[in-house]
There are 2 protein chains.
Amino acid sequence: MANDGTTAATDGTATGSGDTARSLELLWGGGERPSRGPKPGLTLDRIVTAAVAVADAEGLSAVSMRRLSTELGTGTMSLYRYVPGKAELLDLMLDRVLGEPLPAPREEAAEAAGTDRTDATGPGAPDWRAAVDTMARSYLDNLRRHPWLLKINQARTVLGPSALRGLELALGGLRGMGLRDPELIGVIITVNSFVEGLARTQADAAEAVRQTGLSDEEFWDRQRPYLERAMLSGAYPMMATMAEDTFSADFDHFEFGLRRLIAGFEALVRERAEAGTTA
Amino acid sequence: MANDGTTAATDGTATGSGDTARSLELLWGGGERPSRGPKPGLTLDRIVTAAVAVADAEGLSAVSMRRLSTELGTGTMSLYRYVPGKAELLDLMLDRVLGEPLPAPREEAAEAAGTDRTDATGPGAPDWRAAVDTMARSYLDNLRRHPWLLKINQARTVLGPSALRGLELALGGLRGMGLRDPELIGVIITVNSFVEGLARTQADAAEAVRQTGLSDEEFWDRQRPYLERAMLSGAYPMMATMAEDTFSADFDHFEFGLRRLIAGFEALVRERAEAGTTA
DNA sequence: CCAGAATGGGTACGGTGTACGCGAAAACGA
DNA sequence: TCGTTTTCGCGTACACCGTACCCATTCTGG
């Protein structure tokens with residue numbers, strides 16, 4: 001069994017209030033190079049790129065300042081000429097990855113959502129169901145490509161350039177729903193939360209397999225005696241009578257949940273449309 | 001700005017395959033005390049309790065073996081007589097917190113979900129909408145009480161005693177939906193993923209506030225000039241025309257998403273019921 | 001009574017982020 | 001042209017972390 005510890009940085013006054021301004025400058029690239037002094041031998045870009053590469057290949061735990069410095073062939077402390085601290089570097093990694101080009105949207109999603117169309121924009125407009133579907137799929141793809149995203153505090157980069165672009169894109173696809181602005185944000189938050197939670201579960205499982213060296217089957221086998229004893233104890237009557245295929249990997253929980261979410265939005269959109277025609 | 005680093009443990013062969021058995025024993029409390037040797041001065045229970053207390057009060061980053069040992073008045077290495085490593089301690093913390101008593105269910109949730117009832121079990125049965133509502137609320141409560149839960153790898157404790165009990169409880173409330181077993185699991189996973197993702201966003205925001213020392217307003221103020229410049233750039237036309245109250249805190253995204261989810265389930269349940277009567 | 005087992009815990013090692021300070025490099029003012 | 005000033009690279013040092021190893025102490029079964 002393996003549960004990765006998470007250890008914070010200095011945690012005290014190190015990441016004070018003064019860093020916010022610097023971090024924003026880094027995010028938006030506002031810094032002009034000063035004319036005095038020697039030319040810098042590194043770029044912020046190179047550092048962030050290296051960090052993302054290491055994280056992708058070996059996980060976020062492999063991303064340390066010392067590791068990055070050897071990767072870049074410099075001294076460790078040189079990195080601090082470009083980044084105030086590791087926390088800010090993580091922010092930059094996040095924005096970098098959020099800015100990656102999205103895969104092409106899939107169009108068959110619209111009809112898979114089922115039932116009749118009651119859009120505010122008429123039949124010719126781009127379908128919001130496809131937009132929701134694409135949004136969920138591309139976010140899940142991103143999280144699968146970069147599982148370490150799930151371990152990074154996303155609170156403060158919501159307003160970075162890449163995140164803004166993503167939000168803009170998402171809102172564009174949702175226009176046809178005919179909902180109020182805060183509700184549109186609600187749609188996005190709901191879908192993203194769902195995808196994130198699901199991806200986390202999957203990433204945790206993958207990490208556990210990697211760290212313990214046990215495959216899923218081996219782990220279940222190891223677990224089985226305890227489970228069987230628990231079932232026989234009578235304390236779990238509901239679970240004891242579950243069908244064999246209940247926990248089968250054939251069932252796609254992402255697909256299931258996404259369909260339910262879209263159906264839930266559909267209900268609201270129709271409700272609004274009906275209220276609109278009667279009023 | 002502050003992004004907490006996450007640093008892994010030894011990460012190599014330390015958490016090998018042999019620990020799984022030991023961890024399961026600890027989870028299910030199978031160990032008999034050997035009669036030889038001195039009596040242990042500590043309990044696994046006391047260690048876990050102390051760890052949870054520290055995590056609740058100061059965050060998971062404050063939970064270190066040294067800190068726990070001083071908290072318990074023992075030597076640091078003594079802890080390793082009770083727990084194979086920190087990873088397993090985290091597993092135990094997880095199961096401990098999952099086993100906490102749930103708050104009383106709220107009953108008004110059933111009608112808030114709206115529309116007509118088409119249950120397979122008739123009108124007298126406990127309503128699954130209330131069950132879903134309660135499930136989501138109690139999980140969110142738990143995550144708010146113990147935000148560090150979001151940083152712990154949940155993959156391997158899914159089958160601990162407390163988690164099993166929770167699953168059993170959830171399944172009981174969902175019986176009336178008339179869905180297949182894998183679909184019931186799908187409902188649970190979908191709701192939990194949504195809640196977890198949402199809680200994570202909130203917890204991240206809270207942690208960012210705590211670590212930077214800036215309030216939300218201060219942070220937004222600091223951010224504003226960059227945002228305004230971005231809006232004026234014309235690169236974000238959709239966002240630029242958003243209503244003032246779009247990002248207001250008055251809008252409850254949890255409530256919104258949960259209603260949508262329940263409505264989505266409702267659609268499936270009705271669909272099945274109709275297919276059942278025509279067949 | 002004492003051999004054998006189990007507990008408590010000190011020391012030490014290799015990892016982490018980063019504060020501090022110094023030498024070298026580059027451009028500006030005189 | 002020559003200080004002067006600013007910036008860059010980065011070596012050293014410190015406080016933390018998890019935990020391997022080892023030994024003295026404490027207890028019990030034979």
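To find a chain, count down the sequence lines: A is the first, B the second, and so on, and within it residues start at 1.
Between A:Lys86 atom NZ and D:dC16 atom C1' there is a gap of 14 Å when expressed in whole angstrom units. Following rounding to the nearest Å, A:Met65 (CE) and C:dG15 (C1') show an atom-to-atom distance of 15 Å. Per the geometry, OH belonging to A:Tyr80 stands 17 Å off P belonging to C:dG21, to the nearest Å. The CG-C1' distance, from B:Leu90 to D:dC17, rounds to 14 Å in whole Å.
Partners of B:Ser69 by side-chain hydrogen bond (donor to acceptor under 3.5 Å, both in side chains), not counting sequence neighbours, listed by chain and number: B:Thr76.
Neither side chain, A:Ser193 nor B:Arg200, offers a donor N or O lying under 3.5 Å from an acceptor on the other. There is a side-chain donor-acceptor pair under 3.5 Å between B:Arg144 and B:Gln202.
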Q) What is the per-nucleotide protein-contact pattern of nucleotides 6-11 of chain D, from the 5' end, where B denotes a base atom under 4.0 Å from a protein heavy atom, S denotes such proximity for sugar-phosphate atoms only, and - denotes neither? A) BBBBBB
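The aromatic rings of B:Phe254 and B:Phe194 lie parallel to each other, their planes meeting at an angle below 30°, with 60° marking the opposite boundary.
Judged by distance alone with a 3.5 Å cut-off, no donor-acceptor contact links the side chain of A:Arg66 to the base of C:dG15.
Contact annotation for B:Val83: no contact, since no heavy-atom pair falls under 4.0 Å across all strands.
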Q: Test salt bridge (Lys or Arg N to Asp or Glu O under 4.0 Å) on B:Glu71 and B:Arg67 and set out the steps.
A: CA-CA 6 Å; B:Glu71 206 83 17; B:Arg67 168 65 187 273; 2.8 Å; yes
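Within the structure, ring-ring contact (aromatic ring centres under 6.0 Å, His included) pairs that include any residue of residues 146-166 of chain A comprise A:His146-A:Trp148 (at least two apart or interchain).
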